[in-house]
Peer 1: 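One structure is given below, represented as C-alpha cells, and several questions about it will come after.
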Number of protein chains: 2
Amino acid sequence: MAESSKLVRSTTAVDVARILRDRILSGHYAEDQYIRQEMIAQELGVSRIPVREALAQLEAEGLVIREKYRGALIPKLSLSEIEEIYEMRGMIEPYLLRTAFSNITPEVIASLREVVDKSRVTDDMGEWAGLNMQFHYTLYGLAGRPLSLQILENLLVRADRYLKVQRFLSNETQKESDAEHQRILDLIEEGDEDGAIEALREHISWNAQDLRRTIGFNDAAPADKADKAKG
Amino acid sequence: MAESSKLVRSTTAVDVARILRDRILSGHYAEDQYIRQEMIAQELGVSRIPVREALAQLEAEGLVIREKYRGALIPKLSLSEIEEIYEMRGMIEPYLLRTAFSNITPEVIASLREVVDKSRVTDDMGEWAGLNMQFHYTLYGLAGRPLSLQILENLLVRADRYLKVQRFLSNETQKESDAEHQRILDLIEEGDEDGAIEALREHISWNAQDLRRTIGFNDAAPADKADKAKG
DNA sequence: ATAATGGATATTGGATCCAAATTTGTTCCG
DNA sequence: CGGAACAAATTTGGATCCAATATCCATTAT
C-alpha cells in the first residue's frame, strides 16, 4: 500500500482495461459483437498493444472471451452463472464477516453508520452503489484475507453486468437493502456474531432473488445464431 | 461449430505462460529475483511480446507480481496466504461435492475406484499428484459450476508452490491421503452425502495441517536472502 | 440455381524498433 | 574516504511493421 503514495501513473494498458471494463459493465457492447482492437486503439489514441493487454486482463476477469485470430467478444449473460456467483457470495461474504468480526471497533461501526445514513438519503444511483460497496469492503477488509477479497471483488464485477441490465435498481430495492445493512450493523454492534452473519446471508439471498425476479430471462433458451445480422 | 475438433495450436503467449508456470511451480526461480523478459524470450526463441502477455496472465493467477518498469518477480511464500487458501478450499470443495452429489453415477464411482487403486500402488510422485487431481476434478466437474471450479483450480495452483517446496510428499502422507479418498468414496457409494462431505472437510483440514507441519516456516520472519542454497 | 473452391480483404498474433523509466556506475566535491 | 549528482546502460512499455489466419466474395463446376 505504500506504493499508493508514490503517485505513479498506471500503464496505458491498465487505463484501457478500466475504460473497457466500465463500458462492458454499462452494457455498451452487444453480446454477439466482436470488439475490434484497431477500433478501440483509434478511439483512445493508442496502439493496439495496450488494447491487447487490456483484453487479456479482462479475459482473466471473465468479462470477455478471446478467440485466436477471431477477436474478443462479450460472453452471454447466463442465469446459471449468476446463480453460481450468488452461491459463492453466500459462502465467501459470511466467511469474511466472521473473520473480520473481532477486528470491528466502535470507530468502524461509527463510520459504517455514516455510510448507511448517507446511503439512505441519496438519490443518485451511482453514489448509492458506491456506498453499498464501501459498506461491504470496510467490513471485509478487516478480515485480513486479501485473496478471498480479491475473488469476491471479481465476483461482484461479474455480477455488475447483470445488475446493469436493468439500468438502475428500483427505489424499493434500495430501501430494502439499506434496511438490511442497518440490521446487520445493529447486530454487529450488539456483538451478535452469528446473528449478523445470518442477516448477511439473508441479505445476499434476498439480493439474488431480487435480481432473479427482475431479470428473469431463460438461461436454457438456445440463442439462435442464425439471426446474427452483422453490420 | 465443432471448434473443439479443429486442433488449433494455442498462441505462443499461452505456451510461454505454461512453461513459466511449470518453472515457477517447481521452484525454478528465486523469490527475490526479477524475471527478465529478454532472457525468457531468448531462451524460448520468441520475442518479448508473448513473454509479456504470459507474465500478465501469470500475474492474474497470482504467480508473479509485475512492477511498472521494474519487472516481474515471484511473490514470497507466506504462511497467511496458504492458510487462506486452505480456508477457501474448505468452503469451495465441500460446496462442489454437495452440488455434484446427485450426479454421481455408479460408473463414476467405478472410475474413481480405479483412480484410487492406481494411486495406491504408484511410486511416481508426479503420477500420484496427477491421480490426486483427477480424483477431485472428476467429482467436482459433475457439479456443473465452472466458475467455482476455475477459482478452485487457481487456489490449487497457488497451493502447488508451497507443496513443491518440499520436493516430494512423504510416503506416509500419500498413504494417508489415499486412505481418505477411499473413505470419501465409500461414503459416496453408500449415499451418505453429509458423511462424505464431512470426510472431505477433514481431508482438506488434514492436508493443511500436514503442509503446515512440514513447511512450518515463520510468516513474519524476514527471509534472509543469504541462505538461498539453490540447486 | 446451388454448392464448392479459390482468392481478396480484414483482423489478430508476433517481431522489430523507439521512448520512458529505473538501475548502475562513475566522477566530483566535501 | 564517503556521499551526492550526473551520465551510461539495462530494462520495460508502447508504436509500427510483418506474418498467420479467418472471413467474405466471386467464380466455376455440377
Side-chain angles (χ1 to χ4, degrees), chain A residues 2-20 24 29-60 63-75 225-231, chain B residues 1-21 24 29-60 63-75 225:
Chain A
E3 280 82 1
S4 59
S5 65
K6 283 188 67 175
L7 248 314
V8 285
R9 302 194 316 278
S10 64
T11 66
T12 49
V14 171
D15 293 339
V16 172
R18 180 166 40 241
I19 292 171
L20 289 180
I24 293 169
Y29 298 109
E31 289 184 352
D32 51 2
Q33 177 188 358
Y34 283 97
I35 298 177
R36 295 298 164 200
Q37 298 177 0
E38 182 60 37
M39 179 177 151
I40 306 296
Q42 286 186 355
E43 278 179 20
L44 303 180
V46 298
S47 88
R48 274 173 44 230
I49 296 287
V51 175
R52 272 165 58 179
E53 196 163 331
L55 288 172
Q57 171 65 31
L58 294 176
E59 183 178 43
L63 291 184
V64 304
I65 296 172
R66 287 193 304 166
E67 302 174 12
K68 183 176 154 119
Y69 286 119
R70 299 185 58 166
L73 48 79
I74 315 292
K225 351 175 30 172
D227 68 348
K228 114 177 147 154
K230 86 152 259 318
Chain B
M1 35 248 47
E3 277 86 359
S4 57
S5 67
K6 281 193 71 175
L7 247 317
V8 285
R9 305 193 314 277
S10 64
T11 66
T12 46
V14 171
D15 293 338
V16 172
R18 179 166 40 243
I19 292 171
L20 288 180
R21 189 182 301 110
I24 293 169
Y29 298 109
E31 289 185 353
D32 51 2
Q33 177 187 358
Y34 282 97
I35 298 177
R36 295 297 163 203
Q37 298 176 1
E38 181 60 36
M39 178 177 152
I40 306 296
Q42 285 186 354
E43 278 179 22
L44 303 181
V46 298
S47 89
R48 274 172 45 228
I49 295 286
V51 176
R52 270 165 58 178
E53 196 163 332
L55 288 172
Q57 172 64 32
L58 295 176
E59 183 178 43
L63 292 183
V64 304
I65 297 172
R66 287 193 304 166
E67 302 174 10
K68 184 177 153 104
Y69 285 117
R70 298 186 59 167
L73 48 80
I74 314 292
K225 358 177 21 171

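Order of the sequence lines fixes the chain letters, A, B, ..., with proteins taken first and strands second; residue numbering starts at 1 for each chain.
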Peer 1: Measure the distance from CD on B/E67 to C1' on C/dA21 and round it to the nearest whole Å.
Peer 2: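 One finds 14 Å between C1' of C/dA21 and CD of B/E67, rounded.
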Peer 1: In whole Å, what is the span from the CZ atom of B/R48 to the C1' atom of D/dT10?
Peer 2: 11 Å
Peer 1: Once you round it to whole Å, what is the distance between P of D/dA9 and CD of B/E38?
Peer 2: 17 Å
Peer 1: Reckon A/R36 has a side-chain N or O less than 4.0 Å from the OP1 or OP2 of C/dT12?
Peer 2: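 Yes.
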Peer 1: On DNA chain D, check which nucleotide each of B/I35 and B/I49 is closest to and give me the residue with the more 5' one.
Peer 2: B/I35
Peer 1: Send over the distance from B/Q42 CD to D/dT12 P, rounded to a whole Å.
Peer 2: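 For the pair B/Q42 CD and D/dT12 P, the rounded distance is 12 Å.
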Peer 1: Taking only side-chain N and O atoms of A/T11, does any of them lie within less than 4.0 angstrom of OP1 or OP2 on D/dG13?
Peer 2: no
Peer 1: Could you check whether any side-chain N or O of B/E59 sits under 3.5 Å from a backbone N or O of B/R66, counting only pairs where one atom can act as donor and the other as acceptor?
Peer 2: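 Yes, the answer is positive, given that a donor and an acceptor are paired below the 3.5 Å cut-off.
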Peer 1: Would you check if B/Q33 and B/I74 make a side-chain contact, meaning some heavy-atom pair closer than 4.5 Å?
Peer 2: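 Side chain of B/Q33 against side chain of B/I74, heavy atoms only: no contact under 4.5 Å found.
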Peer 1: Whole Å only: how far is the CG atom of A/L55 from the P atom of C/dG13?
Peer 2: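 Interatomic distance, CG of A/L55 to P of C/dG13: 9 Å.
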Peer 1: State which of C/dT12, D/dA15, C/dG14 makes the closest approach to the side chain of A/P50.
Peer 2: D/dA15
Peer 1: Report the distance from atom CZ of B/R52 to atom P of D/dT11, rounded to the nearest whole Å.
Peer 2: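 Atom-to-atom, B/R52 to D/dT11, this comes out as 15 Å.
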Peer 1: Tell me the closest heavy-atom pair linking B/I49 and A/R52, and the distance in Å.
Peer 2: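 B/I49 and A/R52 have their closest heavy atoms at CG2-NH2, 3.7 Å.
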Peer 1: So which nucleotide from C/dG14, D/dA20, D/dG13 ends up closest to the side chain of A/Y69?
Peer 2: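 The answer is D/dA20, which lies nearest to the side chain.
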Peer 1: With side chains defined as the heavy atoms from C-beta onward, is the minimum distance between B/E53 and B/T11 less than 4.5 Å?
Peer 2: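 Contact flag for B/E53/B/T11 side chains = no.
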Peer 1: Calculate the interatomic distance between A/E53 atom CD and C/dT12 atom P; express it in whole Å.
Peer 2: 16 Å
Peer 1: Roughly how many Å is it from OH in A/Y34 to P in D/dT21, rounded to a whole number?
Peer 2: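 Atom OH in A/Y34 sits about 17 Å away from atom P in D/dT21.
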Peer 1: Does A/E67 form a side chain to side chain contact (heavy atoms under 4.5 Å, CB included) with A/L73? I'd like the steps, not just the answer.
Peer 2: CA-CA 8 Å; A/E67 302 174 12; A/L73 48 79; 4.0 Å; yes
Peer 1: OP1, OP2 of D/dT10 versus side-chain N and O of B/Q37: anything below 4.0 Å?
Peer 2: no
Peer 1: The side chain of A/R70 lies closest to which of these nucleotides: D/dA22, D/dA15, C/dG13?
Peer 2: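 Closest nucleotide among those given: D/dA22.
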